[in-house]
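So that the names make sense, note that chain A is the first sequence line, chain B the second, and so on, each numbered from 1. Computed from heavy atoms alone, side chains included, the values below leave out hydrogens, waters and symmetry copies.
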Number of protein chains: 2
Amino acid sequence: MIFVILHLAMSEKLNNPSCATCGARQKSVFCSLNSDQLVQMDEHKGCDFYKKGETIFKEGAIARGLFCVNKGKIKLSRMGPSGKEQIVRFAKGGDIIGYNSMLSRRPLSATASCLEDSAVCFIPSQQFFALIKKDPNFSLKILELTAKNWDDASRLITDMAQKTTKQRLAEMLLWLKETFGLDEDNCIDVKLSREEIANMVGTATEAVIRLLADLKKENLIALEGKKIKMLDIHGLVMLADLID
Amino acid sequence: MIFVILHLAMSEKLNNPSCATCGARQKSVFCSLNSDQLVQMDEHKGCDFYKKGETIFKEGAIARGLFCVNKGKIKLSRMGPSGKEQIVRFAKGGDIIGYNSMLSRRPLSATASCLEDSAVCFIPSQQFFALIKKDPNFSLKILELTAKNWDDASRLITDMAQKTTKQRLAEMLLWLKETFGLDEDNCIDVKLSREEIANMVGTATEAVIRLLADLKKENLIALEGKKIKMLDIHGLVMLADLID
DNA sequence: TCTAAAGTATGATATTTGTCATACTTCACT
DNA sequence: AGTGAAGTATGACAAATATCATACTTTAGA
């Protein structure tokens, strides 16, 4: 009996870690909520676990709330006209996803799927809008976040439109480095297939394979399976931006 | 003497048309402001006139406020790495521009220049933030606007990355049609050079010229100088989206 | 009205990139 | 450990696109 109670208690703890003690929250838009607001959040939120490859939400669905990543790595992608996946963004601990659809009053514009096992909290729409309406600081934070996202996106449009495939690949490697950082070996700290990289760059898988080999020949990166080691970041920046 | 007074009165009216009676405002994010808020706006705003080709603000500068288009057509573009212009957005009467930079706390990410003679009001940063902080409805409107802009941009990223030049051109023509509408002749109601179209599509001017000729041969459009007549919108949609 | 400059158009050619075919390698699963 | 499936790699070829050259047309300004 005691075991059962303990088990339930642990299970509850795991499924609903407290926002007050959540490390990911410190890095998120929820970082400056007061304790009242946190209690409210805790009461209404739920935390779910997803295995690598699982889908959190799908493009086209109506958003009922937003998701706050507690742990893990997530890719956001949309389907192109010919059925080809286009990766438009990544999320990691502390990032929120799925909120834009509520703000724009449009269906979800991307599919979120896990690049590794992840823990993701769900915060219902009402809670989100309550915060926006009652807390101007939170509202400004969301505005800043959305504004930055838009700014980044319009930068990406220019790049996609004007740069060669090789430059775009170099740029994506740098973007991945910024997003996920480097491990102790100077390798980008996320594992993506060549196909997934192609779906970021917007090219064919074969092209990515060839161009990665080129970058290796030019001593800008080293390759070891899926691991990509950054050898010459400055060189990649020059290549990507044509500053030469 | 009377003439002088009249002249001054007219001049003042022209340079500072009242927000309360502004037709463009009805279509803008400022549409539901109350009379107190309008008086505040009128006191602090200023209206400027720009000739075709003139620049309203430049990429990289720090925004001191936002601009609300009263009349005219404006293109927003950024410089690509090799000095090539990339058009990322358009604005017309009722649209606001330059606000994203204040929200993202980053320098202006695009240059705004007039496609035709335009009247544009300037609203200082403080006024804008005062509205956001005091009026949750206004705040939500800006959030919705920014969210939609981001959504559109990420859609555009997918298109740029995956579609052929011809598909992108078709898409841009449809976008121009949505933005500026058609005149009585079914022609897109804005005049752009082939080079400017190329700077939207992200390709060379020659490619645009050739592809426009192709579209004409396929009876999707008709050409008459800078005027582009939409003959088969459904056909263009099919071409752009590969729905066939 | 004339002229220079800008914009438009077209051809030839080089380069890039996509596509298809094929083989090798790694990984998960029994 | 063996097997099949997925992922990675490479070559050959086709298609798309950029680039350069050149000529024609329109526009703005003297």
Side-chain H-bond candidate by donor/acceptor type, B:Gln86 with B:Ser77, under 3.5 Å: no

Salt-bridge criterion met for B:Lys52 and B:Glu116 (N-O under 4.0 Å): no

Contacting residues from residues 110-119 of chain A, given that a heavy atom lies under 4.0 angstrom of DNA chain D: none

Contacts under 3.5 angstrom, residues 229-236 of chain B side chains, donor-acceptor by atom type, not counting sequence neighbours:
residue: B:Asp232; atom: OD1; partner: B:His234; partner atom: N; Å: 3.4
residue: B:Asp232; atom: OD1; partner: B:Gly235; partner atom: N; Å: 2.8

Those residues that, when tested against B:Ser101, pass side-chain hydrogen bond (donor to acceptor under 3.5 Å, both in side chains) (two or more places apart): none

Interatomic distance, B:Glu206 CD vs C:dG11 C1' [rounded to whole Å]: 11 Å

Residue list, side-chain hydrogen bond (donor to acceptor under 3.5 Å, both in side chains) with A:Lys84, at least two apart or on another chain: A:Asn199

Nearest-angstrom distance from the residue atom CZ of B:Arg194 to C1' of C:dT10: 14 Å

Minimum heavy-atom distance B:Ile74-B:Ala112, with the two atoms named: CG2-CB, 4.0 Å

Test item: A:Phe57 and A:Leu76 side chains (from C-beta on) under 4.5 Å apart, heavy atoms: yes

Qualifying residues under side-chain hydrogen bond (donor to acceptor under 3.5 Å, both in side chains), relative to B:Arg155, sequence neighbours excluded: B:Asp151

Sugar-phosphate only, base, or nothing, as touched by A:Thr164 at under 4.0 Å among non-hydrogen atoms: sugar-phosphate

Sub-4.5 Å side-chain heavy-atom contact between B:Phe67 and B:Ile96: no

Interface polar pairs with nucleotides 12-15 of chain C, N/O, under 3.5 angstrom:
none

Ring geometry between A:Phe180 and A:Phe90 (parallel below 30°, tilted from 30 to 60°, perpendicular above 60°): perpendicular

Touch class at under 4.0 angstrom, heavy-atom based, for A:Thr205 against every strand present: nothing

5' to 3' contact window, DNA chain D with chain A (heavy-atom distance under 4.0 Å): D:dG7 to D:dA12

Between side-chain atoms of residues 207-224 of chain B and protein atoms elsewhere (two or more places apart, or another chain), which donor-acceptor pairs fall under 3.5 Å?
residue: B:Glu218; atom: OE2; partner: B:Lys166; partner atom: NZ; Å: 2.6

B:Arg78 with A:Asp159: basic N within carboxylate O range, under 4.0 Å: no

Side chain to side chain, A:Glu59 and A:Leu108, heavy atoms closer than 4.5 Å: no

side-chain hydrogen bond (donor to acceptor under 3.5 Å, both in side chains) partners for B:Asn70, two or more places apart: none

B:Asn199 CG to C:dG7 P, straight-line distance once rounded to whole Å: 11 Å

DNA chain D: 5'-proximal contact among B:Lys52 and B:Thr165 (nearest heavy atom): B:Thr165

pair B:Tyr50-B:Asp48: side-chain heavy atoms closer than 4.5 Å: yes

Global bending angle along the helix from C:dT1-D:dA30 to C:dT30-D:dA1, which compares the axes of five pairs at either end, to 10 degrees: 50°

Nearest-Å distance for atom pair NZ/C1', residues A:Lys226 and C:dC27: 9 Å

Near-strand residues of residues 211-224 of chain A, defined as heavy-atom separation under 4.0 angstrom from DNA chain C: none

Value in whole Å for how far the P atom of C:dT19 lies from CD1 of A:Ile209: 14 Å

Counting only pairs under 3.5 Å, give me each side-chain donor-acceptor contact of residues 181-191 of chain A, with atom names and distances, residues two or more places apart or in other chains.
residue: A:Asp183; atom: OD1; partner: A:Asp185; partner atom: N; Å: 2.8
residue: A:Asp183; atom: OD1; partner: A:Asn186; partner atom: N; Å: 3.3
residue: A:Asp183; atom: OD1; partner: A:Cys187; partner atom: N; Å: 2.9
residue: A:Asp183; atom: OD2; partner: A:Lys227; partner atom: NZ; Å: 3.2

